[in-house]
K.L.:
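One structure coming up, written as structure tokens, with questions to follow.
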Amino acid sequence: MGLVPPCFITEIVERDLREGKYPRLLTRFPPEPNGYLHIGHARSIVLNFGLALDYGGECNLRYDDTNPETEKEEYARAIEEDVRWLGFTPDRVLYASDYFETMYRCALVLIQEGKAYVDDLSEEEMSELRAQGKPSPYRDRSVEENLELFERMRQGEFPTGSRVLRAKIQPDHPNFKLRDPVLYRIVHAPHYHAGNRWVIYPMYDYAHPLEDFIEGVTHSLCTLEFENNRAVYDWVIENLKGKCGLPLAPRPYQYEFARLDLTYTVLSKRKLIRLVEGGYVSGWDDPRLPTLRALRRRGVRPEAIREFVRRTGISRHEARIEMELFEEVVRDDLNPIAPRVLGVLEPLRVVLTNYQGEEWLEAPYWPRDIGKEGARPLPFSQELYIERSDFSLNPPKGWKRLAPGQRVRLRHAYVIELEDVVEEGGEVKLLKARMVPGTLGANPEDGIKPKGVIHWVSARHALPVEYRLYNRLFLTQDPEEGGDFLKNLNPLALEVKKGFVEPSVAQDPPETRYQLERLGYFWQDPGDSRPGRLVMNRIVPLKEGYRPQ
RNA sequence: UGGGAGAUCGGCUAAUGGUAGGCCGGCGGGCUCUGGACCCGCUAGUGGGGGUUCGAAUCCCUCUCUCCCAGCCA
């Protein structure tokens, strides 16, 4: 099965390949290195790299770094790391800023052909005239004057923002993008990759088609908000093909697809920055965030993210996907690979009145339906911890757990029944219970079968764990609801519990992902967990079949 | 206002003139030493109005709604 779901883009690719339009497919993932990648970017990454893999082509990772004021090497490195973590190997790692010389020579050609001019208008004046559809008074400068002015711009003779190079297209075109778009601006600022060589920087609309064309990209895939920019993309390529060392054909074409958006979270750079810098989360890798580093730290596997992209499809329809689907895909991914172990989040002590000593039981890691082999020794003893929520003094209808007069089975162990409840200040402190003899791997001889099965650990053997339970970042599907997204933050997006886990996990590789039975999928926090001081992140809870009335 | 795009079950997405299907969710049942997984069933849709056609989600006209553009950001 392919990485990319069948869609209008795979149709285009298949058609182009069938018709022999290109010798081979070449795509690119072109982020600006001005922030961290999030799950929204995953759609673009999987699309571009996946297409290359599915159709025997290649895919470049290219930093679209044409704005020195926003970009950092730190971001570029993080982006590459995240792309590789997602499971993709760029055929090349490239920088748009390495093409600045070629782009400059192309601009010279445009000027010489009377297709570009230097404009002295202020930003406000230009905006005004553009809105009115009127030409700039500098539009008809001579080629010689434009050449001289542009050269002086490059030499750094003019201050930041004082002049621009514009394409001479049509001042009153109905598509505003075509109203003589700016090609170059002056910015006196060092560039993280190009250094101090340049003080003029190309604009996206001019740079992007050239980057694609230079690299031999065949299909230039971007999101819907660039639809209007396609006309400029085509103008640049049509006016420069066969010049400055650029080929005549074949040329790249731009196709747009819808962004990936999710409920109960935010994906805009601006809002993510406010969450991080405002201290609402602990950093860019805080597992509450939708960034790829956060999901990685939380324990989500790259396989799940790729599958999520595949399952949600590629379309031209703006859509917000329900978080429930993402969570389900994460569970689907973990279910067949996560060994089952027992742990308790909120311990309630249980003392068995008719059991002494200890024994080590053999407990299989996998339920029958997974079909995998393997087991671990599980210690059982007189004092146990069970989940506080697995006991009720006044159980509601349909209760399958421990209650006065109601037996339960301890998973992989014995059936127990309640004898006494020790309360202190209105709180249940301790349970005294009786183990029903002969119930290891068998039903009680008296024929009274337990209604349910609960998880537990042996108090003496269990390892203490700090559990970090991650929930949705926002209370509302749309965090924007009501105006201020910060007001909709979920105060319980992170809950910390001091609990226990069975001792076998100490023997496992620290990156093991577990299913704590009846609780959810967990793994050790790669940042804070230590052998003697376990910290476990809940990746995603299990589906809860029981709903109290 | 001009220009560009998009509307299919509650959500996402198929059907490319020929039985409106799948997944997520929700509800109910089966099975189970996980109230998980798995299995079964139910729920529920072509934005409105006209037209073409034997036949329309699909083609045409029209209306409505939503998104994008009018940075020297990408």
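Excluded from the calculations below are hydrogen atoms, water molecules and symmetry mates; all remaining heavy atoms, backbone and side chain alike, are included. By convention in this document, chain letters (A, B, ...) are assigned in the order of the sequence lines, proteins followed by strands, and residues within each chain are numbered from 1.
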K.L.:
At 4.0 Å (heavy atoms only), tell me whether A/L262 reaches a base, stays on the sugar-phosphate, or touches nothing.
P.N.:
nothing
K.L.:
For atom P, what is the distance between B/G28 and B/C65, given to the nearest Å?
P.N.:
39 Å
K.L.:
With a non-hydrogen cut-off below 4.0 angstrom, is A/R179 in contact with a base, only sugar-phosphate, or nothing?
P.N.:
nothing
K.L.:
How close do A/R28 and A/S220 get, counting heavy atoms only, and between which atoms?
P.N.:
NH1-OG, 3.1 Å
K.L.:
Would you classify A/N34 as touching base, sugar-phosphate or nothing, given that sugar-phosphate means primed atoms plus P, OP1 and OP2, and contacts are heavy atoms under 4.0 Å?
P.N.:
nothing
K.L.:
Return the 5'-most residue of the pair A/Y521, A/M203 with respect to RNA chain B, ranking by each residue's nearest nucleotide.
P.N.:
A/Y521
K.L.:
Are A/Y184 and A/Y104 close enough that their ring centres sit under 6.0 Å apart?
P.N.:
no
K.L.:
If you look at every heavy atom in A/V350 and A/A433, which pair is closest and at what distance?
P.N.:
CG1-CB, 4.0 Å
K.L.:
Pick base, sugar-phosphate or nothing for A/H455, based on heavy-atom distances below 4.0 Å to the nucleic acid.
P.N.:
nothing
K.L.:
Suppose you measure atom C1' in B/A7 against the same atom in B/A57; what distance do you get, rounded to whole Å?
P.N.:
11 Å
K.L.:
Please report the distance separating the P of B/C61 from the corresponding atom of B/G4, rounded so that it comes out in whole Å.
P.N.:
14 Å
K.L.:
Under 4.0 Å, heavy atoms only, any strand: does A/E123 hit a base, just the sugar-phosphate, or nothing?
P.N.:
base
K.L.:
By the 4.0 Å heavy-atom rule, please label A/R316 as base, sugar-phosphate, or nothing.
P.N.:
sugar-phosphate
K.L.:
Tell me what A/D369 touches on the nucleic acid: a base, only sugar-phosphate, or nothing, going by heavy atoms under 4.0 Å.
P.N.:
base
K.L.:
What integer number of Å spans the C1' atoms of B/A44 and B/G51?
P.N.:
30 Å
K.L.:
Could you check whether A/F8 and A/Y255 have their ring centres less than 6.0 Å apart?
P.N.:
no
K.L.:
Measure centre to centre between the rings of A/Y467 and A/F522, then say whether the value is under 6.0 Å.
P.N.:
yes
K.L.:
Taking the same atom, P, in B/G17 and in B/A56, what whole-Å distance lies between them?
P.N.:
14 Å
K.L.:
A/F226 and A/Y233: aromatic ring centres closer than 6.0 Å?
P.N.:
no
K.L.:
Which part of the nucleic acid does A/R411 contact within heavy-atom distance under 4.0 Å: base, sugar-phosphate only, or nothing?
P.N.:
base
K.L.:
How should the glycosidic conformation of B/G71 be described, syn or anti, under the criterion that syn lies within 90° of 0?
P.N.:
syn
K.L.:
What is the distance from atom CD of A/Q477 to atom CZ of A/R472, rounded to the nearest 0.5 Å?
P.N.:
8.5 Å
K.L.:
Using the C1' atom as the point on both nucleotides, what is the distance between B/U34 and B/C27, in whole Å?
P.N.:
22 Å
K.L.:
Just to be sure I understand the rule, does A/T160 reach a base, reach only the sugar-phosphate, or reach nothing, if contact means heavy atoms closer than 4.0 Å?
P.N.:
nothing
K.L.:
Any side-chain heavy atom of A/R320 sitting closer than 4.5 Å to one from A/D478?
P.N.:
yes
K.L.:
Given that both pair distances must be under 3.5 Å and the pair must be Watson-Crick or G-U, what runs of three or more consecutive pairs involve RNA chain B?
P.N.:
B:1-7 with B:64-70, B:10-13 with B:21-24, B:25-30 with B:38-43, B:47-51 with B:59-63
K.L.:
Under 6.0 Å between ring centres, would you say that holds for A/F474 and A/Y264?
P.N.:
no
K.L.:
For A/L542, which contact category applies under a 4.0 Å heavy-atom criterion: base, sugar-phosphate, or nothing?
P.N.:
base
K.L.:
Could you check, using the six-membered ring where one of them is a Trp, whether A/Y63 and A/Y75 have ring centers closer than 6.0 angstrom?
P.N.:
no
K.L.:
What distance, rounded to whole Å, do you find between the two C1' atoms, one in B/U19 and one in B/A14?
P.N.:
15 Å
K.L.:
Have a look at A/E69 and say if it touches a base, only the backbone sugar-phosphate, or nothing, with a 4.0 Å heavy-atom cut-off.
P.N.:
nothing
K.L.:
Please confirm whether A/Y521 and A/Y514 have ring centers closer than 6.0 angstrom.
P.N.:
no
K.L.:
Need one value for A/K543: base, sugar-phosphate or nothing, where a base atom within 4.0 Å counts as base even if backbone is also close, heavy atoms only.
P.N.:
sugar-phosphate
K.L.:
What interatomic distance, in whole Å, is found between C1' of B/G6 and the corresponding atom of B/G22?
P.N.:
23 Å
K.L.:
Please identify the 5'-most and 3'-most nucleotides of RNA chain B with any atom under 4.0 angstrom from a heavy atom of chain A.
P.N.:
B/G2 to B/A74
K.L.:
Between A/M126 and A/E11, just flag the one whose closest nucleotide in RNA chain B comes earlier from the 5' side.
P.N.:
A/E11
K.L.:
When all nucleic acid strands are considered with a 4.0 Å heavy-atom cut-off, which category describes A/G398: base, sugar-phosphate, or nothing?
P.N.:
base
K.L.:
What is the nucleic acid contact for A/E71, judged by heavy atoms within less than 4.0 Å: base, sugar-phosphate only, or nothing?
P.N.:
nothing
